[in-house]
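See below for the structure under consideration.
Just so it is clear: chains get the letters A, B, ... in the order the sequence lines come, proteins before strands, and each one is counted from 1.
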2 protein chains.
Amino acid sequence: MIDPDGPVPVYRQVADILAERIAKGDLAAHRPIPSEAALVQEFGVARGTARRAVAELRERGLVYTVPQRGTYVGQPEA
Amino acid sequence: MIDPDGPVPVYRQVADILAERIAKGDLAAHRPIPSEAALVQEFGVARGTARRAVAELRERGLVYTVPQRGTYVGQPEA
DNA sequence: TTACATTTGTTCGTATGTATA
DNA sequence: GTATACATACGAACAAATGTA
């Protein structure tokens, strides 16, 4: 799933996988994506790497984060 | 601000700037200096370089570091 | 009100690999 | 070969806010 030794950074690999899930609708608008702890579990990465992956998605405008709550698909509610 | 191509190593340039701030009192005793992440932001250097700059200050006896807490001006409290 | 678990935010510690002068 | 510097990645600890029991 994740190739730690490939040329693509792990955090981008994780971000790309999540982005695809969003594109496919597996992760629906205004539904939470997996928590950082869950991403650590699922992908076997460090929390810092999971956080960076989520930051990537945020920069791409795919998700928004609510502090102490979670990160959700789409744009923040009005 | 920082001259990456000059004869003086970047880490020492950063250390010198912080040392001057301490000397001028911009950074007061027992107050935290900027975090490593903040130094990365402010000076546009790698984290390793920021860490080395702080290590310089520690060697000069200007600051002390508390793991997972931060680095502070002066000497550790008794 | 209290207590607890969950989640994100932040900090320093450490190691590896790559590139350059 | 050495020193500098950047990027990536894992680890550990603590803080703060939120939601729930």
### Task
Could you check which residues of residues 66-73 of chain B get a heavy atom under 4.0 Å from DNA chain D? Sort them by number, please.
B:Q68, B:R69
Write down the protein N/O and nucleotide N/O pairs, taken from nucleotides 14-21 of chain C, whose separation is under 3.5 Å; answer none if there are no such pairs.
{"unit_1": "C:dT14", "atom_1": "O4", "unit_2": "B:R47", "atom_2": "NH1", "d": "3.3"}

### Task
Not counting sequence neighbours, which residues clear ring pair (Phe, Tyr, Trp, His ring centres under 6.0 Å) with A:Y72? List them please.
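Ring pair (Phe, Tyr, Trp, His ring centres under 6.0 Å) list for A:Y72, sorted by chain: A:Y64.
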### Query
Does B:T49 have any side chain to side chain donor-acceptor pair (under 3.5 Å) partners at least two apart in sequence or in another chain, and if so, which?
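Result, side chain to side chain donor-acceptor pair (under 3.5 Å) vs B:T49: none returned.
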### Query
Within less than 4.0 Å of OP1 or OP2 of D:dT8, is there a side-chain N or O belonging to A:T49?
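No, no such contact exists.
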### Query
Using a cut-off of less than 4.0 Å, is there contact between a side-chain N or O of A:T65 and OP1 or OP2 of C:dT8?
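No, because none of the side-chain N or O atoms of A:T65 sits under 4.0 Å from OP1 or OP2 of C:dT8.
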Considering residues at least two apart in sequence or located in another chain, which fulfil the side-chain contact (heavy atoms from CB on, under 4.5 Å) criterion with [X]?
{"X": "B:R21", "value": "B:I17, B:L18, B:D26, B:L27, B:E42, B:F43"}
{"X": "B:A28", "value": "B:R31"}
{"X": "B:D3", "value": "B:D5, B:Q13"}
{"X": "A:Q75", "value": "none"}

### Message
Using whole Å, what does the distance between atom P of nucleotide D:dA5 and atom CZ of B:F43 come to?
### Response
14 Å
### Message
Run the side-chain contact (heavy atoms from CB on, under 4.5 Å) test on A:V63 and A:I22 for me, step by step, so that the C-alpha distance in whole Å, both residues' side-chain angles and the decisive distance to 0.1 Å come before the verdict.
### Response
CA-CA 9 Å; A:V63 302; A:I22 292 172; 3.8 Å; yes
### Close residues, residues 5-20 of chain A, relative to DNA chain C [heavy-atom separation under 4.0 Å]
none
### Query
In Watson-Crick or G-U wobble terms, both distances under 3.5 Å, what is the partner of C:dG17?
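Paired with C:dG17, as far as the under-3.5 Å criterion goes, is D:dC6.
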#### Entry: Qualifying salt bridge (Lys or Arg N to Asp or Glu O under 4.0 Å) pairs, either residue in residues 10-19 of chain B, two or more places apart
B:D16-B:R60
### Query
Listed by chain and number, what are the salt bridge (charged side-chain N to carboxylate O under 4.0 Å, His left out) partners of B:E20, not counting sequence neighbours?
none
### Query
Listed by chain and number, what are the salt bridge (charged side-chain N to carboxylate O under 4.0 Å, His left out) partners of B:E36, not counting sequence neighbours?
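B:E36: salt bridge (charged side-chain N to carboxylate O under 4.0 Å, His left out) contacts with B:R47, B:R51.
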### Message
From the set D:dG11, C:dG13, C:dT7, return the single nucleotide nearest to any side-chain atom of A:A46.
### Response
D:dG11
